[in-house]
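Some notes on the structure that comes next.
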Amino acid sequence: MEEKAKTAQKFCGNCGSHNAYNYPNQVFCTLRFSKGKEPIVQTLWCCEEWNPSSQECYCIKEAEKKQNKR
Amino acid sequence: MERDDFIREPVKHIRIDGKLTVDQLIQQFRNSGSFGAGRLSAACDIYERMLRDEKCTVFLALAGAVVPAGMRSLIADLIRERRIDVVVSTGANMVHDAIEAVGGHHYKGHWFVDDYVLYKYHIYRIYDVFVPEEDFTKLDYKLVEIYDEIATESNGKSLSSNEFTWELGRRLSDSDSILRAAYEAGVPIFLPAVRDSEFGFAYWLHASRKTSGKLLLVDAFKDLPEIVSICKRSPRNGMMVIGGGVPRNTVQSAALASKKGMDYAVIMTMDRPEIGGLSGSTLEETVSWGKVKSAANKIMVIGDAMIVFPIIVASVLERLGEDFKRAPYLKPKGIGGI
Ligand code: SF4
């Protein structure tokens, strides 16, 4: 259950607009880019335009792992 | 033909010792003259003839992912040394060249891997070569900047795909880059299916950005007068074809449009002719269209171009020797070598 709740949390790293950039800490947001905003955002950040991605990836898990190591 | 004509030259058996050079091995293949060995030795002879013919323009048609697989420096060197005069490529091969030019890499991987795990790690697979997604993303980001710049400079005027690659090469500094080498050597690079690659995706990003001013315009139809004129002005034309598809047909169709037909042709492919696709079509079939001359020096080598092409180049360079200099028949002029 806890695992499910975790994946349901919204991050850039599970948003449909993200692409890998500085893996795993930062992603490239195509939506922000198209709006002329700074496209490189933190994987564990999120904005109001979050949209679901079609398939899960490891970005969040890996970014969290890296964050916990610090 | 008389009976004796069929049994004139006996097969000489291949002899190998520990000191054979690449070209000496190819000479052994020629002695046998059989199967793939015979075809490979014939391909070396034809490429050598193309290079020694001072009135021949040599086209390289490039399809299949040979650049990410490790053929990048080889092709850049051939361009710089003018062993190639014109390149016609898939967009993807030049994208992979540009990826490395802006600091990205291709990695040795494996074909036996869980592809869904790769997906989750944002790693793309090209058979046994891996490319991290961020290397594409970083290139896209850079390309959009370049597109903005070119669009501003060209001020609404459309570019041929050759002018487009020239503009890219102008902006790259990596000396191992094919695009950069072509820009410096005045060798045209045509990308007839430019949209079908990351160059197309980067265009979509460039066009979708609300802050973008002018849009880059690339018009592949503009390639035609350029490439046909090259064939027309050149007394003889030869093609080295890796794979097939759009690049092969673009080259041989230019030879047809110029009412000449290719004088030399080497095709390296694994494709089959029975399904009617161009990539596997035989050179004899190509003769029926007038794209290759009936009397042309021509051979199709059935094999993996990653193995075949470097062997051909090594053998022919050995024959030509270090002092061999070749000047292109058509001297490069302005933008894109045209
Ligand atoms: S910034 Fe917003 S739209 Fe962009 S990836 Fe993050 S959540 Fe998605």
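Note on naming: letters A, B, ... go to the chains in the order of the sequence lines (proteins, then strands), and numbering restarts at 1 for each one. Everything numeric here is computed off the predicted structure, so don't read it as measured data.
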Give me the atom names and distance for the closest heavy-atom approach of [X] to [Y].
X: A:E56; Y: B:Y119; result: O-CE2, 3.7 Å
X: A:C57; Y: B:K120; result: CB-O, 3.4 Å
X: A:C59; Y: B:H122; result: SG-NE2, 3.3 Å
X: A:N22; Y: B:K138; result: OD1-NZ, 3.2 Å

Check your understanding: What residues of residues 87-112 of chain B sit under 4.5 Å from chain A when you count only heavy atoms?
Key -> none
Between atom [atom1] of [X] and atom [atom2] of [Y], what is the distance when rounded to the nearest 0.5 Å?
X: B:Y141; Y: A:N19; atom1: OH; atom2: CG; value: 13.0 Å
X: B:L205; Y: A:F28; atom1: CG; atom2: CZ; value: 6.0 Å
X: B:D135; Y: A:Y23; atom1: CG; atom2: OH; value: 14.0 Å

Check your understanding: Does atom CZ of B:R195 have more than 12 heavy-atom neighbours, drawn from other residues, nucleotides or ligands, at distances under 6.0 Å?
Key -> no
Point to revise | Neighbour count >12 (heavy atoms, 6.0 Å) for atom NZ, B:K222 | key: yes
Practice item. Measure B:Y116 against the heavy atoms of chain A and call it side chain, backbone, both or neither at under 4.5 Å. Key: side chain
Review point. Side-chain contact, heavy-atom cut-off 4.5 Å: A:F33 with B:V144?
Key: yes
